[in-house]
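Just so we're on the same page: letters track the sequence lines, and every chain starts at 1.
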Amino acid sequence: MAEFIKDLKRTHSCGALTAEAVGQEVILFGWVQNRRDHGGAVFIDLRDREGLTQVVFEQDVDKALQDLAHELRLEYCIGIRGVVKSRGGNVNPKLKTGAIEVHASQLQIFNRSEPVPFPLEDKIDTAEEKRLAHRYLDLRRAPLQRTLMARSKMNLVTRTLMGESGFLELETPYLVKYTPGGARNFLVPSRLSAGKFYALAESPQLFKQLFMVAGFDKYFQIVKCFRDEDLRIDRQPEFTQIDVEMSFVTQDDVFAQIEKLVAALWKEVLGVQLTLPFPRMKFADSMRDYGNDKPDLRFGMKHVELTALVAEHKGCGIPMWASFAEEKAGQIVKAMVVPASANFSRTEADKLEDFVKGMGSKGLARAKVDETGNWTQSPLAKTVTPEARTAINAAVGAKAGDLILFQFGREAQVHTVMANLRIHLGKKLGLIPEIGPKNANDPASWNLLWVVDPPLFEYDEDTKTWAAAHHAFTRPHDECVQYLETDPGKVLCYRYDLVLNGFEIAGGSIRLHDPAVQARVFKAMGISAEEAEEKFGFLLQALRYGAPPHGGIALGMDRLAFLLTGAESLRDVIPFPKTQKGTDLMTDAPGSVLDKQLQELHIASRAPAAAADKKE
RNA sequence: GGGGUGUUAGUUAAGCUGGUUAUAACGCCGGCCUGUCACGCCGGAGGCCACGGGUUCGAGUCCCGUACACCCCGCCA
């Protein structure tokens, strides 16, 4: 008899057969997704990455085939040969292949399967912990297969579009020299240079600028980056960027190229036509209205700055606000309104207080507004002056039944709490979906936004110095250069972030290629010429040899895939992700190593655990 | 480093103010069944209630600690 694989090659995928194929003999390979054994007839749902096809073993087939068919169990890997027949009146409208079925004449079990530890169905409730421990099985599930196939397509679209736009895909090293600042690096001890370490590149940033110096004009790369920081739902220790750098460009040129790329991704993967260009918002406006630099504009609930109003009313008669009787740098009061329509109970408001306390806030001052504009359910109500209350009601636009929420104190803290509170309420009140877009096919579900013109420096309260908000090689606005010495906080720069539904999906800048201005930027940061040379010598040197004006951007590929596919977690768009503690539950990485290995690397471990399980 | 939620058969869960032998569904095993597609029917096996202490006559249940997972703050573009 003809053998599967050797003689009998696969003729179709399990998602390919429709009514048009009726009468054909076909050969399918795949896994048993489900079986319905009627004793006489046996029905098998055969699955591969393209879909499901129903295979039938009828009673009239020979005894050996019938016996083998009864042995089939979930996840057995099999090959079948048979004839496509119409299902007649028994069509299954849920399946793409539901109009037909394959009547088997030959079956081979390539490999049996132990009972799987969790169901391999589209929707499962299984703890992620268990799914990660058997990732190869989780990856068999259709939703993850679709996601990774979409990701593959994203890579292809990116390479095609960037290639057609004249970009070169060039590689940069992963093992690089540690440079201080920015994210914490993973370190790799050097065997050949005793006592020295490589760092895993947190991005190709410096190298891509060197490509520009070298004259490559337009560079891109789909590249892994490594950052040893704590994880979040949208952060993994190793992640992928679409890294881009261009010479002789303005910010607008970079935007146009990236808009083209993002539009192509949405068009090719989802079939959605995004509206170009994407709107822009100034960083300062975003901070003022939304408390962060990645606002989700799919809903309102803007914040209202009350600092000046409170100062004007000498603290409004509210003891907690006495220190706001005069405006003071770094101290602010902000408010937002939960509309009466939300019909918030006291208990729910109390829960909000727990929510903000979880973020380090001391509490959540609040006031319910009644028909006459009076405040109720509020400790503020007792002492607030009527004038201040009227002014605040007007400022926040509060109507009867509305609930005003206040945060006050250190600016950064207020912004963090208010920004998170807004998102939390947006989800709770059903204004935005828990995750992803409401309707992936509707362009309005995709809120894309450039956030531009942020300050070049941030003031570090701890060290009392100005630090680069992005990196030290970002170009300041020409009209701001004059303030570098006198008022560094006022200097805006050509840095930009692309925001999608509240997630930062890309960030970059026009680089500073003028050595004279560069020197002034370092000086403003309190970095001496010697220090700068020590830290960034090779780049500074390179910039002195006729470096072209240049700029670039990096897109977070994982986040793009996460949002584009509507996945529930970033982990669902990464084939083999790490847990929140950076471990791999399947391979048990990181693991301990032998003393001998450490000796070769000229290092010793101080961790108590290393000694305990080194026998492994 | 800090806050929160969780951990009970292979999986998902129930288990109330502490009280006999810890339930169910799906999966698994055996039997029956030709039209199912969440197939159906009958029977069966399967548990260190995460781990370690404590309180109690008695702990899955109450208390403390630890581990792990997830979400958040800090951190991180």
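Between the base of G74(B) and the side chain of Glu229(A) there is no donor-acceptor pair shorter than 3.5 Å. Checked by distance alone, Arg227(A) brings no side-chain donor or acceptor within 3.5 Å of a matching partner on the base of C76(B). Side-chain N/O atoms of Arg35(A) and base N/O atoms of C39(B) include no donor-acceptor pair closer than 3.5 Å. A donor-acceptor contact under 3.5 Å is formed by the side chain of Asp230(A) with the base of G74(B). Side-chain to base pairing of Arg87(A) with C37(B): one donor and one acceptor N or O lie within less than 3.5 Å of each other.
Phosphate proximity of C68(B) to Lys581(A): present, with a side-chain N or O under 4.0 Å from OP1 or OP2.
Atom NE2 in His134(A) sits roughly 14 Å away from atom C1' in G27(B) (whole-Å rounding). Arg495(A) has its CZ atom 10 Å from the P atom of A77(B), to the nearest Å. Between Glu71(A) atom CD and G31(B) atom C1' the separation is 16 Å, expressed in whole Å. If you measure from atom CZ of Phe118(A) to atom P of C28(B), you get 15 Å, rounded to the nearest angstrom. For the pair Asp37(A) CG and C39(B) P, the interatomic distance rounds to 12 Å; values are reported in whole Å.
Using cut-offs of 30° and 60° for the angle between ring planes, the Tyr136(A) and His134(A) rings count as perpendicular.
When the C1' atom is compared between G40(B) and G58(B), the two are found 45 Å apart, to the nearest whole Å. Spacing of C1' atoms, C26(B) relative to A38(B), comes out at 10 Å, to the nearest Å. Only the P atoms considered, A24(B) is 34 Å distant from C71(B), to the nearest whole Å.
You'll find that the side chain of Arg571(A) is closest to C71(B), out of C37(B), C71(B), C68(B). Listed nucleotides: C37(B), U11(B), G74(B). Nearest to the side chain of Asn90(A): C37(B). With distances taken from any side-chain atom of Glu58(A) to the nucleotides U34(B), C70(B), C37(B), the minimum falls on U34(B). Out of G35(B), C76(B), C73(B), the shortest distance to the side chain of Arg232(A) is found at C73(B). Between A77(B), G35(B), G74(B), one nucleotide has an atom nearer to the side chain of Glu504(A) than all others, and that is A77(B). Taking the side chain of Glu129(A) as heavy atoms from C-beta on, and the options C70(B), G27(B), C68(B), the nearest nucleotide is C68(B). The listed nucleotides are A77(B), C28(B), C37(B); the one nearest the side chain of Ala183(A) is A77(B).
When all heavy atoms are compared, the tightest approach of Met287(A) to Asp293(A) is SD-N, 3.9 Å.
Nucleic acid contact class of Asn420(A) (heavy atoms, under 4.0 Å, all strands): sugar-phosphate only. Using a 4.0 Å heavy-atom distance criterion, Gly39(A) is classed as a base contact.
The ring of His38(A) lies on top of the base of C39(B), close enough and flat enough: under 5.5 Å between centres, under 30° between planes. Once the 5.5 Å centre distance and the 30° plane angle are applied, the aromatic ring of Phe43(A) is found stacked with the base of U36(B).
Asp453(A) pairs in a salt bridge (charged side-chain N to carboxylate O under 4.0 Å, His left out) with only one of the listed residues (Arg280(A), Arg495(A), Lys282(A)), which is Lys282(A).
Counting only heavy atoms from C-beta outward, the side chains of Ile258(A) and Phe278(A) never approach each other to under 4.5 Å. Looking at heavy atoms from C-beta onward, His471(A) lies in side-chain contact with Arg511(A) at the 4.5 angstrom threshold.
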